[in-house]
Amino acid sequence: MGVKTPVASVQYGINKVRMDAVYGRHKTAGEFKSLGGVVSVEKHERGIVITSENGSVRLTVIAPDCIQVRFQESGTFGVPFSYAVARVSWPDVKFTLGEGDDAFTLAAPEITCVVDRSTSRLTFRNAQGNIIARDAEPIRWREGEMQLVRELPADEQSYGLAAQPVGLNLRGKRYELWNTDPVIYSRDRIPIYYTIPFYLGVTSNFAHGLFWDNPSRGWIDIGAEEQDRLMFSGASGELRYYVFSGLDVISVLNRYTELTGRMPLPPMWALGFHLSRWSYTPADKVREIATTLRKRNIPCDAIYLDIDYMDGFRCFTWDREKFPAPAVLLSELADQGFKVVAILDPGIKADPDYKVYESGLREDVFLKLPNGKPFVGPVWAGNSVFPDFTSPKARAWWAAQFDPVIKPGIAGIWNDMNEPTVFSAAGGNEIPEYVKHDFEGQNLTHLEAHNLYGMLMARASREALEKMKPGKRPFNITRAAHAGAQRYASTWTGDNQATWDHLRLSISMVLNSGLSGLAFNGPDVSGFSGNADAELYTRWIQLGAMLPFFRVHKANDTVPHEPWVYGQPYEDIIRKYINLRYQLLPYLYSLFAQNSQNGWPIIRPLFMADPKDPKLRGVEDMFMVGDSLLVAPVLEKGQTERELYLPRGKWFDYYTNMPIQGGQILTVKTPLDMMPLFARAGQVIPQWPVQQYVGQTPVDELHLKVYAGNGEVTLYEDAGEGMEYQSGGYRWLYFTCKLLPTGGVQLDWRRAGKYRPSYERVRCEVFGIQIEPKEVQLDGQAAPLWYFEKGVVEFTANKPFDNARIIDPDVDDTPSTTLMHSPFK
Ligand code: MIG
């Protein structure tokens, strides 16, 4: 992977041992104490404070289905501070208190907490009375650690915690909370880049969430130490968590993201295909890549510049030999319809001749050791210092450095190495926990700030983009993250490997990320490390085309991996799936809008398609894109057919449009050009014509694929860029699809909002029509022109309609032999 400043990293390893000896590592000591019995209960505005023998617990009703729990040994509760939490003031919620012989009860409309008098253990129930969470032990603590120990029922499946490389169900493992660059991860590698301490428990009947609102070093043990225990541990700060009681995953995520914030709508080009490698350099190489994409008609919206565009890895500089005129290059690329995303690392080279370093020193924005000297550690540029992103001053300073990157025409920022990572030959590639942080004036240490660092770097970069590109939606992507990072940036799953197993892993990683609030995520398609052969590359493109973030990215020691390097038949297949991605943009974009509004994941585990069906619980080799589309990717070498269990209900093969009954195991053929896709009956999937990049030409026709059945679909439209959507420049499309009692189909279409798209014409294909219909009506009038062939009714409307009816023939009607019907003929 290239030489990583070996001398400096050996030196750092030696220094670190010395510093550790001087400043002392974090330690735990002493016996655990625990709450003991309840002494008194006092009501406050939104809940109760329980004073127990050895400490106090404060319960606060946040929302009808959410209770916050805080613990303080001292019994004193200040105003809580959390970088993760976006919403601190909530509307009033009615609650009631109860007192029995054994317990006190705090009841909100959809969640109840019962406090056991003799032990201070808490039990949470949902509106149906199900126990959703119960303490196995009372809250306990000792020097340097506090713990929450819960029961973990046998039928509970465990999700969340962002993209852990372990598979979909997280049970049976302990997850350390300490953002770490694993360099290249392998299956079961814990920890990796991000800590999202949001736990999602699901049974067949309900779901619940638990957000551990503590950024300090810790761990979450999901039945590893003891099968039936779920444990949370934190090293510092207040023990504080939130319990969410939703009936289903969707409602839990909705509330969790109301608390920690939601993703602002990205520009639509961010949903296109992105091409990256470490590194496309020099400028002519970037030109060649761009030109080849266009020449070969492979749609692409963004090209990435990895660390080699910089002058000796100095952030906010350009290597003027390799990129003599960045502004010229970037405007050529813009003319070809490309956006360029540039990488930034947090480390600032400690070089007295480097203006950025010098200004940061002057403005005092770098992290310091307890002795007041800047902390120095080696990364790509050699010995470097690190901005303290927990300081508002440092974030503003960071944003003020952006000019040289953004001005020439960079569209987005790629925040890397922000766990943060330093190169240490002695292991532990981290900044030590005694390094000091401003923490919004609270003066804490890296023990509390480490897990927040990446998210706050992303926040500073986002603020810079907002300031420097007014009127544009920021595109910002981060490797490290903490809960709430969705407000600032999208993510990718980091340095994966070009193996079939990592192809498979990318599904569960992106799924769990979406179940943790960070929906805009995707793997390095084809695997960062190592070379992918043509087959693996093609299969990964097929899968990647269905994931929220779709980018090919490769390490510096790999052979070329552009979509055309494998020749035929691969190139055509690859193009076909990238084209499909572009056709599906209006659908994907609607899912992004819904995520942005409600926190719903963009791709979803199959069990969400039918939560009552236990057969779907463990499925991690298929997934849903929204509600309408099921993806069954091919994950094995040489696999020419695959088995799959289709959820109950009616489905359609996306390619042949033939209806298929669900609730059964199917075997489908999977030649290399086939990744099975199924559409759900009652759904409407919108498509656009293929474009080489978003906005290449105004879309002049919306293509609606209607799958006969009963269902409802909500879609979203706006300009795809700019901020007008925040002042009414959008519209929602609501479709209701109904099977008529006579066998026909009715489609109602309601539109709400000011936005007017470029298209007027709407082409509709209605699939699953058994017999040739008698008539097709549009808004009560006979449709001017329609066709029927092989179970499909097709018609075109000159403008969006409110209602379409496919009316069945009378039983006695003789089927017509012509395919074309016109009232004018
Ligand atoms: O130490 O910038 O995850 O995407 O290509 C490696 C070089 C640093 C790690 C990122 C990867 C990127 C690489 N970076």
Side-chain angles (χ1 to χ4, degrees), residues 1-6 8-9 12 162-163 165 179-186 189 191-194 274-281 285-286 289 302-317 319 322 340-349 377-382 384 386 405 412-425 429-431 453-454 457-458 461 476-481 489-498 502 506 509 521-532 544 549-561:
M1 213 68 42
V3 184
K4 290 189 171 188
T5 56
S9 60
Y12 176 72
N179 292 356
T180 302
D181 174 8
V183 182
I184 282 157
Y185 62 82
S186 36
R189 163 70 208 221
I192 54 173
Y193 316 96
Y194 19 72
H274 297 194
L275 188 55
S276 178
R277 100 169 255 116
W278 174 14
S279 302
Y280 286 133
T281 179
K285 182 71 195 176
V286 183
I289 293 294
I303 298 178
Y304 283 58
L305 296 181
D306 207 329
I307 47 176
D308 298 288
Y309 78 89
M310 300 181 210
D311 172 18
F313 308 122
R314 289 171 188 80
C315 291
F316 312 109
T317 67
D319 180 328
K322 295 184 197 134
V340 177
V341 179
I343 202 166
L344 283 176
D345 289 354
I348 298 296
K349 188 178 176 69
V379 265
W380 286 106
S384 301
F386 297 82
V405 210
I413 293 297
W414 174 16
N415 301 265
D416 191 23
M417 302 292 278
N418 52 354
E419 293 70 34
T421 299
V422 291
F423 298 150
S424 168
N429 53 353
E430 62 185 5
I431 292 177
Y453 192 89
M457 174 188 177
S461 294
N476 194 32
I477 177 166
T478 181
R479 190 169 74 178
S490 57
T491 45
W492 84 105
T493 65
D495 298 346
N496 60 353
Q497 303 179 35
H502 276 244
S506 38
M509 291 179 81
N521 195 355
D524 282 352
V525 168
S526 80
F528 175 73
S529 150
N531 295 319
F549 182 55
F550 182 26
R551 180 187 71 162
V552 166
H553 178 56
K554 299 299 298 184
N556 57 352
D557 58 357
T558 59
V559 301
H561 278 81

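All of these numbers come straight from a predicted model, not from anything done at the bench. Each ligand, and each atom within it, is numbered from 1 in the order the structure gives. What's counted below: heavy atoms across the whole structure, side chains too, no hydrogens, waters or symmetry copies.
Each of the atoms 1 (O), 8 (C) of ligand 1 lies under 4.0 Å from some heavy atom of M417. Counting atoms of ligand 1 from 1 in the listed order, those under 4.0 Å from a heavy atom of W414 are 4 (O). Listed by number with element, the atoms of ligand 1 under 4.0 angstrom from any heavy atom of I343 are 2 (O). The contact set between ligand 1 and R479, taken as ligand atoms under 4.0 Å from a residue heavy atom, comprises 3 (O), 9 (C), 10 (C).
Under the 3.5 Å distance criterion, with hydrogens and angles disregarded, no donor-acceptor pair is assigned to the side chains of T317 and D311.
The N/O atoms of W492, backbone and side chain alike, include none that comes under 3.5 Å of an N/O atom in ligand 1. Annotation: D306 places an N or O atom under 3.5 Å from an N or O atom of ligand 1; distance criterion only.
With atom 4 (O) of ligand 1 as the reference point, the heavy atom nearest to it among R277, H553, R551 is part of H553. When the heavy atoms of L305, D308, D416 are ranked by distance to atom 14 (N) of ligand 1, first place goes to D416.
Neither the backbone nor the side chain of Y193 comes within 4.0 Å of ligand 1, counting heavy atoms alone. Neither the backbone nor the side chain of N556 comes within 4.0 Å of ligand 1, counting heavy atoms alone.
Checked by atom type and distance alone, the side chain of N429 pairs as donor or acceptor with a backbone atom of D181 at under 3.5 Å.
Considering Y309, W278, Y304 in turn, Y304 is the only one that fulfils the ring pair (Phe, Tyr, Trp, His ring centres under 6.0 Å) rule with W414.
Ring centroid separation for the pair F549 and H274 comes in under the 6.0 Å cut-off.
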For this session: Kindly indicate, with the supporting measurements, whether the criterion side chain to side chain contact (heavy atoms under 4.5 Å, CB included) is fulfilled by R551 and D524.
Result: CA-CA 6 Å; R551 180 187 71 162; D524 282 352; 2.8 Å; yes

For this session: Please step through side chain to side chain contact (heavy atoms under 4.5 Å, CB included) for the pair Y12 and V422, ending with a clear verdict.
Result: CA-CA 9 Å; Y12 176 72; V422 291; 3.6 Å; yes

Problem set entry | side chain to side chain contact (heavy atoms under 4.5 Å, CB included) between C315 and I348, intermediate numbers included | CA-CA 7 Å; C315 291; I348 298 296; 4.1 Å; yes

